[in-house]
Amino acid sequence: TIDFYGTCEDPKILEIITNEEKMNYMGIVSNKNIYDILLKYDALVLPSYYDGEGYPGSIIESFQCGLPIITTNWRSIPEIVDESCGFLVNVKSANEIRNAIINLNSDEKLYKKLCLGSQKKSKSFDEEIWIDFYINSIRKLINFDF
């Protein structure tokens with residue numbers, strides 16, 4: 001079963017999702033519920049090709065839940081997702097997404113490896129690390145002789 005989250009402005013896509021037995025449109029998620037929702041799933045599939053894409057919060061949140069990622073080789077996404085935690089597919093390639101899902105579903109060893117890799121990636125986004133980094137950067141600026 002595949003559940004879709006987020007805004008769906010295309011009525012044709014919404015109709016396709018609604019008419020399929022193993023597809024569900026779930027709507028927009030509140031930030032306060034994101035972890036409870038992610039923990040119900042086996043992986044995150046994010047086929048983004050949004051022009052303004054940076055580091056998607058849903059990927060970082062999925063790292064924190066130890067979920068493997070299937071996403072597109074788009075903009076900044078390859079800076080945070082690699083073969084240690086998921087799959088990068090070409091933009092608008094339904095076949096590559098399908099194959100990644102099949103690989104993840106059929107290879108338990110690979111699935112566990114990617115879950116562990118995702119958990120490790122989450123440490124890169126730990127709040128404490130970034131707070132220390134910014135405080136130290138500010139200290140360096142304050143003590144810099146002009």
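For the pair M23/F4, a side-chain contact is recorded, criterion being any heavy-atom separation below 4.5 Å from C-beta on. For the pair Y5/I28, no side-chain contact is recorded, criterion being any heavy-atom separation below 4.5 Å from C-beta on. Considering only heavy atoms from C-beta on, L44 comes within 4.5 Å of I59 through its side chain. Looking only at side-chain heavy atoms (C-beta outward), V81 and C85 come within less than 4.5 Å of each other. A heavy-atom distance below 4.5 Å is found between the side chains of I77 and P56. At least one side-chain heavy atom of N24 sits less than 4.5 Å from a side-chain heavy atom of T1.
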Please evaluate residues L104 and L114 with respect to the criterion side-chain contact (heavy atoms from CB on, under 4.5 Å), reporting the C-alpha separation (whole Å), side-chain torsions for both, the decisive distance (0.1 Å), and the verdict. CA-CA 9 Å; L104 203 55; L114 297 178; 3.6 Å; yes
Where do L38 and E61 land on the side-chain contact (heavy atoms from CB on, under 4.5 Å) test, with the steps shown first? CA-CA 8 Å; L38 285 171; E61 291 155 343; 3.7 Å; yes
Take Y111 and N105 through the test side-chain contact (heavy atoms from CB on, under 4.5 Å) and record every step on the way to the result. CA-CA 7 Å; Y111 178 78; N105 190 47; over 6 Å; no
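With rounding to the nearest 0.5 Å, the separation of CG in L46 from OG in S58 is 4.5 Å. Here I69 contributes atom CD1 and I80 contributes atom CD1; the two are 8.0 Å apart, rounded to the nearest 0.5 Å. Atom CG of L39 and atom CD1 of I34 lie 10.0 Å apart (nearest 0.5 Å). To the nearest 0.5 angstrom, T18 atom OG1 is 4.5 Å from L14 atom CG.
Between the side chain of Q119 and the backbone N or O of G66, no donor-acceptor pair lies under 3.5 Å. Between the side chain of W74 and the main chain of N90, no donor-acceptor pair closer than 3.5 Å is present. Looking at T71, its side chain never comes within 3.5 Å of a backbone N or O of L88 through a donor-acceptor pair.
Across Y25 and G6, no two heavy atoms sit closer than the pair OH-O, 2.5 Å. For the pair V91 and S48, the tightest heavy-atom approach, listed with the atom from each and the gap, is CG2-O, 4.4 Å. Smallest separation of non-hydrogen atoms from K121 and S84: CE-OG, 3.6 Å.
A salt bridge links D51 to R75: at least one charged side-chain nitrogen sits closer than 4.0 Å to a carboxylate oxygen. One finds no salt bridge joining D107 and K113 here, because no Lys/Arg side-chain nitrogen approaches an Asp/Glu carboxylate oxygen to under 4.0 Å.
Atom OH of Y35 sits in a crowded spot, with more than 12 heavy atoms from other residues, nucleotides or ligands closer than 6.0 Å. No more than 12 heavy atoms of other residues, nucleotides or ligands lie within 6.0 Å of OH in Y49, so this atom counts as exposed by the packing criterion.
At a cut-off of 3.5 Å, with distance as the only test, a side-chain donor of Y41 or D3 sits close to an acceptor on the other residue.
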